[in-house]
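These notes are about the structure you will find just below.
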Amino acid sequence: MEERLYDLIFICMPTTPEEDIAKIIATLEQTATERGGKVEKLEKWGTRKLAYRVSKQREGYFVYLSLRATQGELIKELERRLKVTDAVIKYMTIRLDEEMKRQQKLAARREQRVRKRPRRPAGPSSGSSPAPSPGPGPSPAEPAAAAG
Amino acid sequence: MSETHSPAPRPHSGPPREGGGGRPGGGPGGGPRRGKRQFFRKKKVCRFCVEKIDFIDYKRVEMLQPFLQDRGKVLPRRMTGTCSRHQRWLGVAIKRARNIALLPFATEL
């Protein structure tokens with residue numbers, strides 16, 4: 001099965017000591033590697049304000065993980081672990097590989113287009129009049145249409 | 001940002017906007033209308049198209065914030081000028097950010 005890219009974010013209670021957070025991350029990483037996944041990126045965003053109250057908290061400690069997995073079972077297990085951890089107040093997993101694929105496709109297409117016609121003379125981007133009017137100001141370039 | 005929901009050819013009786021009310025010469029965004037007073041309106045362009053962004057990252061809140069109203073609603077395309085494709089992606093990104101408490105569903109007072 002092909003590899004999938006996931007984003008996993010979880011929020012801990014702001015009162016959680018650093019060691020506990022490190023422990024949670026360590027268990028997650030271990031679980032991921034055990035089941036054939038790989039943690040690509042790990043970012044601790046630290047304590048941030050929450051946009052709304054979660055478990056009566058207004059702040060939370062954010063941890064962001066980017067991981068690759070071949071089977072959805074791993075995500076299930078990670079989410080189960082986060083669910084049973086008391087310090088974690090919120091978590092979210094997003095599958096991103098399809099969007100990344102789309103992004104690469106678009107970027108490739110754009111590059112191809114640029115290569116196809118290199119340095120096209122910059123025409124008037126807006127408006128149909130070919131007159132070189134300076135700036136988007138109210139130019140008298142189209143008197144016939146406006147005067148009526 | 002001015003609203004653009006009145007394409008009717010009659011004189012617009014709304015409040016005078018920037019650019020000194022009506023001008024006989026139509027701006028680039030207005031289009032030719034017959035002999036009526038018109039408002040000069042700057043043509044809005046999709047910010048994501050200009051910056052050539054293919055993926056709107058939900059994690060970058062400061063990038064999403066300008067597309068939200070004060071209370072947390074998503075701004076419509078007619079306000080921001082975003083193209084339809086990017087508006088769709090933007091909606092997805094905002095919803096993701098809301099889900100993980102990076103953006104509010106509704107700001108409480």
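All values below come from the heavy atoms of this structure, side chains included, with hydrogens, waters and symmetry mates left out. Residue numbering restarts at 1 for every chain, and letters A, B, ... go by the order of the sequence lines.
Contacts with chain B (heavy atom to heavy atom, under 4.5 Å) involve these residues of residues 90-102 of chain A, listed by number: A:Lys90, A:Tyr91, A:Met92, A:Ile94, A:Arg95, A:Leu96, A:Glu99, A:Met100, A:Arg102.
At a threshold of 4.0 Å, the pair A:Arg110-B:Asp54 counts as salt-bridged, since one of the basic side-chain nitrogens sits closer than that to a carboxylate oxygen. A salt bridge links A:Asp7 with B:Lys59; the closest basic N to acidic carboxylate O contact falls under 4.0 Å.
Contacts between A:Leu106 and chain B at a heavy-atom distance below 4.5 Å involve backbone atoms as well as side-chain atoms. Residue contact with chain A, scored on non-hydrogen atoms closer than 4.5 Å, involves the backbone and the side chain of B:Phe105 alike. For B:Ile100, the parts sitting under 4.5 Å from any heavy atom of chain A are the backbone and the side chain alike. In this structure, chain A has no heavy atom under 4.5 Å from any part of B:Val45.
A continuous path of hydrophobic side-chain contacts links A:Val39 to A:Ile75 [ILVMFWY only; heavy atoms under 4.5 Å]. When hydrophobic clusters are built by joining Ile, Leu, Val, Met, Phe, Trp and Tyr residues whose side-chain heavy atoms come closer than 4.5 Å, directly or via intermediates, B:Leu102 is not grouped with A:Tyr61. B:Trp89 and B:Met79 sit in two unconnected hydrophobic clusters of ILVMFWY residues. Membership requires side-chain heavy atoms under 4.5 Å apart, directly or through other members. Each of A:Val63 and A:Leu50 belongs to its own hydrophobic cluster when Ile, Leu, Val, Met, Phe, Trp and Tyr are linked at side-chain heavy-atom distances under 4.5 angstrom.
The main-chain N or O of B:Arg98 is found under 3.5 Å from a side-chain atom of A:Tyr52 such that the two form a donor-acceptor pair.
For A:Ala51 against B:Leu103, the heavy-atom pair with the smallest separation is CB-C, 3.1 Å.
A 6.0 Å sphere centred on CD of A:Glu34 holds more than 12 heavy atoms belonging to other residues, nucleotides or ligands.
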